[in-house]
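Proteins come first, then strands; the chains are lettered A, B, ... in the order of their sequence lines, and each starts at number 1.
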Amino acid sequence: MDLYAALLQPFVEFGFMRRALVACLALSLGSGPVGVLLVLRRMSLVGDALSHAVLSGAATAFMIAGLSFVAMSLGGFIAGLVVAMLSGAVARMTPQREDASFAAFCVISLALGVLIVSTHGSNIDLMHVLFGTILAVDDASLLLIVSVATLTLIMLAVFGRGLIVECFDPGFLRASGGPGAILHFVFLTLVVLNLVAGFHALGTLMAIGLMILPAAVSRFWAHEVAMLAALSSLIAFASGYVGLLFSYHANLASGPAIILVAGGVYIASFAFGSHGSLRAQFLMRRRLEA
Amino acid sequence: MTAVFSLQDVTLGYDRHPAVHHLTGSFASGSLTAVVGPNGSGKSTLLKGLIGRLAPLDGRLERNGLHQRDIAYLPQQAEIDRSFPISVMDMVLLGHWRTIGLFRRVTHDQRAQAGEALHAVGLDDFDQHPVASLSAGQFQRLLFARMMLQNCPVILLDEPFAAIDPRTSADLLKVVLGWHGEGRTIVAVLHDLEQVQESFPDTLVIARELIAWGATREVLCAEHLLRARQMASVWDDRAGLPPRR
C-alpha cells in the first residue's frame, strides 16, 4: 500500500469519510478551546457529568419523539443545561461543593439514561446515536456541528477575557464588580453545546474525550492560554484524522479509535512534553545536580 | 474627618455562627489602620464584611456611598491559582478592569501604566514571564502592581506580608506608605507588631470582639495584647463545642 492509498485515498474516494473529516475539524475548533478552559478550571469531571446528562436527555427525547435529529439534540442540550443549573444552585444554596453536586447529578442522569437505553436497547438506531456514528454524519448533523463550532468561536472571541479572569481569579472579578455568574453560565452553556455537537459524531460517552484529552496534552507543551487553545484544536483534529484512517483501514469503530489516538498522544506528551513532563522534570533535576 | 466605613454594633460570621461580635467604630477617610489579633480572631472576616462579601448578621455597616469597585481587596494568597498559564503583563493589566471591563481594548497608555507599575514594585524585566514562574515574593509584588492600576480610594489588605522575604516585605510596605501619602484609606491585617508600631498610625485590636481601637501608641499596650491572647486561649478550650448562639 503506498502513501496515497494509506493517507488520502479514503477521503478522496468516499463522501462519508470527507464528511467525517469535516465534522472532526469543526468539533476540534470548538471543543479544543472549551476543553482548555474546562481543564484549567479543574472541571474535567464536571464535563464528564454533563456528558452523561446529555446522554439521558437524548435518550428521553428518543423515547418521546423517536429517531428525530432535532428532538435528540434539543433533549441533550436541555438535560445538560438543567444539570449544570441544578448543580450550581445546590452548590450555592447548601454548603456542598460544586464537584460533589455535579457528581450526584451525574450518577442520577447516567442511571436514568441507562434505564431508558436498556428498555429500548435492541434498537440499532438508538445505539448508533448514543455511541457515535461519525461515519454516518448526515447533512443535518454536519450543519449542527459546524454551527456550534462557529458560535463557540464567536462567544470565545467576545467573552474570552472575562472567561479567563473568571477561571483564574474569580475573587478579583467579583471584587471588581464583574459579572461572574453570567460568565459561568456562558461557559457551561458552551460546554453543553459542544457536547451535543460531539455526541452526533462520537457518541455521548466519547464526546468528552475530544474536549479533555487535547487540552490535557497541550498543558505539557505550552504555557499561555491562546497557545493552549490553538494547540489543543490542532491535536484534536490530528487525532480525528489519524483515528479515521485507523478505523477505515483496520475496520474499527471510529469514535473510540479517534479518542484512543488522542489518548496515545496524551501518554507520549506526559512522558516527553516540554513543560512538566517526566522528561522535563528529569532534565531539570540533572541541570540542578550539575 | 469623614468616615469611609462606619460600624454600629456589627456582628459578622458564617452560617449564622458569629466570628466577630459587636464592633462599633469607624475608619476615617485617608487613615492607615492595622488590624491585629490572634489567629481566628475574625480579622479576615472583618475585611470580607467591609468589602461587602459578607452581610452583617447584626448591626449596621455603612460604606458611605462607596461602590464595591472603589475598594481594592487583596485576599490571602491561597485563593488564587498561581499555576495558571497567564503572563505577568496580562495579569497586571487586569488592574484596569474598571475601565476596560469585559469588552474594551487595552490602550497604549494603559499598557505603559502597567509597565510603570511593574517597575515600581521591582519586576521590570518580568512582563513576558508566565505567572507560574514567579516566587511567592515576586507574586506578591505582582499583586501590588495590579492594585496600583486599580487606583482605588480604599484598599483592604489581608496579611499582605505573610510568608514573603523581608526585602519584599520592606519594598511593599513602602508602596503602602506611598498610597497613604496619596490620601487613600487603607486597612491591613498584620502580624508583625514592630512593623505596626513603626509605620501604622492607627490600630484595631480584635479577638472575636473589639479589644481596642485608636492611635497605635495608645492601643498597642501590653494590657490589650494580653487580653487578646487570653480571649484566644478561652476559645481554644471551647474549640470542640458548638458556638454559643
Side-chain angles (χ1 to χ4, degrees), chain A residues 33 36-43 92-96 154-184 186-187 215-216 218-232 273-276 280 284, chain B residues 14-17 47-48 50-53 66-106 128-133 139 142-143 146-147 149-152 154-156 158:
Chain A
V36 166
L37 288 175
L38 204 58
V39 168
L40 287 178
R41 283 168 171 246
R42 299 161 208 266
M43 276 174 59
R92 225 148 290 170
M93 292 184 306
T94 69
Q96 196 153 81
I154 291 174
M155 294 296 269
L156 288 176
V158 172
F159 290 106
R161 181 191 292 158
L163 290 172
I164 289 170
V165 179
E166 220 262 314
C167 178
F168 161 59
D169 193 353
F172 175 79
L173 189 71
R174 229 178 319 156
S176 316
I182 294 173
L183 288 167
H184 195 64
V186 166
F187 175 67
S218 63
R219 278 288 258 165
F220 287 114
W221 297 99
H223 52 59
E224 209 255 315
V225 179
M227 198 58 206
L228 285 170
L231 200 58
S232 100
S274 56
H275 291 71
M284 177 95 86
Chain B
Y14 304 91
D15 275 343
R16 274 176 265 114
H17 294 163
L47 290 200
K48 284 179 187 153
L50 292 181
I51 196 183
R53 194 164 294 183
L66 272 184
H67 273 286
Q68 197 179 32
R69 58 173 187 276
D70 298 324
I71 307 171
Y73 168 58
L74 180 73
Q76 290 178 29
Q77 280 202 358
E79 296 186 40
I80 300 177
D81 176 10
R82 277 181 51 193
S83 68
F84 197 86
I86 185 172
S87 73
V88 166
M89 182 48 107
D90 284 346
M91 163 88 179
V92 177
L93 283 171
L94 291 182
H96 282 306
W97 187 271
R98 263 203 297 180
T99 41
I100 60 177
L102 277 179
F103 307 119
R104 274 180 296 276
R105 55 177 295 178
V106 177
Q128 292 315 315
H129 285 225
V131 163
S133 70
F139 190 77
L142 172 58
L143 290 174
R146 185 171 73 173
M147 280 193 290
L149 292 193
Q150 278 181 273
N151 195 18
C152 290
V154 179
I155 298 169
L156 308 181
D158 198 350

The criterion is side chain to side chain donor-acceptor pair (under 3.5 Å); which residues satisfy it with A:Arg219, sequence neighbours excluded?
none
Which bit of A:Val165 comes within less than 4.5 Å of chain B, counting heavy atoms only: side chain, backbone, both or neither?
side chain
Can you tell me how far the CD1 atom of B:Ile86 sits from the CD1 atom of A:Ile164, to the nearest 0.5 Å?
7.0 Å
Between B:Phe103 and A:Arg161, which heavy-atom pair has the shortest distance, and what is it?
N-NH1, 3.9 Å
What residues, two or more places apart in sequence or in another chain, satisfy side chain to side chain donor-acceptor pair (under 3.5 Å) together with B:Ser133?
none
How close do A:Gly171 and B:Arg53 get, heavy atom to heavy atom, and via which atoms?
O-NH2, 3.3 Å
If I take atom CG from residue A:Asp169 and atom CZ from residue B:Phe84, how far apart are they, to the nearest 0.5 angstrom?
10.0 Å
Chain A contact via B:Leu94 - side chain, backbone, both or neither, heavy atoms under 4.5 Å
both
Minimum heavy-atom distance between A:Val225 and B:Pro85, given as atom pair plus value:
CG2-O, 3.3 Å
Within 45° of the six-membered ring axis of A:Phe172 and under 6.0 Å from that ring's centre, is NZ or CZ of B:Arg146 located there?
yes
Identify whether the distance between the nearest side-chain nitrogen and carboxylate oxygen of B:Asp81 and A:Arg41 falls below 4.0 Å.
no
